[in-house]
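Reckoned from all heavy atoms, side chains included, excluding hydrogens, waters and symmetry mates.
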Amino acid sequence: DVELCVHRCDPVQHFCRAFDPIMQRLDLKHIKPRMAVFDWIIRKGKETGILLSAVLLAMGAVVTDTPVSIATAAAGHAADAGGEGESTLITRGAYLATIADCTGCHTAGAAHPAFGGGLAINSPFGTIYSTNITPDPETGIGRYSYEDFSRAVRGGIRKDGKWLYPAMPYPSFTAMSDNDVRALYAYFMHGVKPVRHTPSQTRLPFPFNQRWTLKFWDLAFVEHKRFEPRADRGEKWNRGAYLVQALGHCGACHTPRGLAYQEKAYSETSSDYLTGAMIDNWFAPELTGNTASGLGRWTEEEIAAFLKTGHSGHTVAFGSMVTVIENSTQYLRQEDLDAVAHYLKSLPANGEKSSYNPRRTPAVVPAGMSRFEKPGAGIYSGFCAKCHRSEGSGKPPKFPPLSGSSIVLSENASSLIRLMLEGGKGPWTKTGPKPEKMPGYAERFTDREIAEVLTFIRNSWGNKAPPVTTREVYLMREALNE
């Protein structure tokens, strides 16, 4: 056998690169992954029982004058593929990267190269810039072995031994299986175009710039263990749990964090899991079984459809969830969407201050202005009712209902306040309706007026939720102006 790489790297990483001379000699442009050529060589070699070098000679290209046995090459590739064979590993890795929404953080925008890094991520400690995860050997991860890659993705440690800030959701990725990490590695090394780009460097103020301290944060808060299926649950539930907890890292946004910015829970074994959290001045809603502010009144089919299109009879995606749906969940296979929905619907209710009573007589907003009307009712009638209707029913799926909306009934009204100030727009998807744009009213209404109309919405048409205060609107306005 021969060592095909001059570097001390995982030989599987570089194996198919040894066949670049063949690629240049043959008309194989229609085969995108180079691994496909390698698989063809291996398959033909096994069929004929000859040495790999003989196959190469028959093709009119000599890579090395040292024979490499078909058995050894096939064994190495099979180990990398986790037993899958052929070139499905790269394809599966691409799908897993889509589930994990790697592009959401590691691509700076539509005008920037995929996975080239440079996206500014806001945190309570300062701005963190995402890294280049293309296989460029100088500015990306091209020199990473599989072990280096696995340690970064699941252990939070870079190739140079420095700790990653937990804006990279490795506390969730640590639950990923070996086979999935190998597929991701194959994809990023062989299915992603190298990009020579050095993103802006993260420079947090002291003491947060001392990355070595993250070792103690990791020891205190991260559960370094792989996902283990529950024997008392079915295959569909366990698949959904794995996607939500590990690859999808839903808890990174939807689970509240503690004083050290750690997720308070990583699975349904804790009552804190997926109960909602503040992130970048949005409140990521809870995903529990609460009937008012959670998913208690959603069906599994409605959850799956929302992840596919960003629209449902209950709400329209907003904030950072827009990019999650555009980049990730709309491309999930139907069986995976159904598994995620099945798992989320299994989460129990955990108590809430809000409530919704659909049998309560709807509060229809009067057409004319009256000194007897509720505070905020006039603004709603003049600026909101055209799309959301006077009875709060909306026009699903284009315009979401406000009556019974889990977003409206959330105990934390931050997202409502931000939407009222800035406006918003739903996601573009292949199968969903054309997204509509909601205007912002920061310049038109005072803090008090916005607080009043939101309080009116949160306590009409069967809704019952805590009032929005003028101070809450003021603080959100100040945060968005920073």
Take Glu268 and Arg230 through the test salt bridge (Lys or Arg N to Asp or Glu O under 4.0 Å) and record every step on the way to the result. CA-CA 12 Å; Glu268 75 286 341; Arg230 283 179 49 174; 3.2 Å; yes
Kindly indicate whether a cation-pi arrangement holds for Arg182 with Tyr146, taking the cut-offs as under 6.0 Å to the six-membered ring centre and within 45° of the axis.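 Judged by the rule (NZ or CZ under 6.0 Å from the ring centre, within 45° of its axis), Arg182 counts as positioned above Tyr146.
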Arg333 to Tyr95 six-membered ring, cation-pi geometry met (6.0 Å, 45°):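 Pair Arg333/Tyr95 counts as cation-pi.
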Is a donor from one side chain sitting under 3.5 angstrom from an acceptor on the other, for [X] and [Y]?
| X | Y | value |
| --- | --- | --- |
| Asp136 | Thr134 | no |
| Asn327 | Thr103 | no |
| Ser293 | Glu352 | yes |
| Trp237 | Ser346 | yes |
| Thr275 | Asp272 | no |
| Ser150 | Arg154 | yes |

Using modelled atom types only, decide if a donor and an acceptor are shared between the side chain of [X] and the backbone of [Y] within a distance under 3.5 Å.
| X | Y | answer |
| --- | --- | --- |
| Gln201 | Pro199 | yes |
| Asp338 | Glu335 | no |
| Gln330 | Lys430 | yes |
| Glu326 | Trp428 | yes |
| Ser410 | Ser406 | no |
| Lys345 | Gly296 | yes |
| Thr202 | Tyr129 | yes |
| Gln210 | Pro207 | no |
| His314 | Ser312 | no |

Stepwise, does the side chain to side chain contact (heavy atoms under 4.5 Å, CB included) test hold for Thr288 with Tyr273? CA-CA 8 Å; Thr288 70; Tyr273 189 57; over 6 Å; no
Would you please test Ser414 and Asn412 for side-chain hydrogen bond (donor to acceptor under 3.5 Å, both in side chains) and show each step? CA-CA 6 Å; Ser414 296; Asn412 189 316; 2.6 Å; yes
What's the verdict on salt bridge (Lys or Arg N to Asp or Glu O under 4.0 Å) for Lys353 and Glu411, showing C-alpha distance, side-chain angles and the deciding distance? CA-CA 7 Å; Lys353 295 182 180 180; Glu411 182 178 345; 3.4 Å; yes
Using a 6.0 Å cut-off, check whether atom CD of Glu478 has over 12 heavy atoms from anything other than its own residue. yes
In terms of heavy-atom contacts, does CZ of Arg203 have more than 12 from other residues, nucleotides or ligands at under 6.0 Å? no
Measuring from Glu138:CD to Arg143:CZ, what's the distance to the nearest 0.5 Å?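 Atom-to-atom, Glu138:CD and Arg143:CZ are 5.0 Å apart.
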Audit row: Tyr165, Arg211, side chain to side chain contact (heavy atoms under 4.5 Å, CB included) steps and yes/no: CA-CA 8 Å; Tyr165 290 111; Arg211 290 178 182 259; 3.3 Å; yes
Yes or no on ring-ring contact (aromatic ring centres under 6.0 Å, His included) for Tyr144 and Phe188, after CA distance, side-chain angles and deciding distance? CA-CA 10 Å; Tyr144 274 50; Phe188 279 106; over 10 Å; no
Kindly say whether the aromatic ring centers of Trp217 and Tyr261 come within a distance under 6.0 Å. no
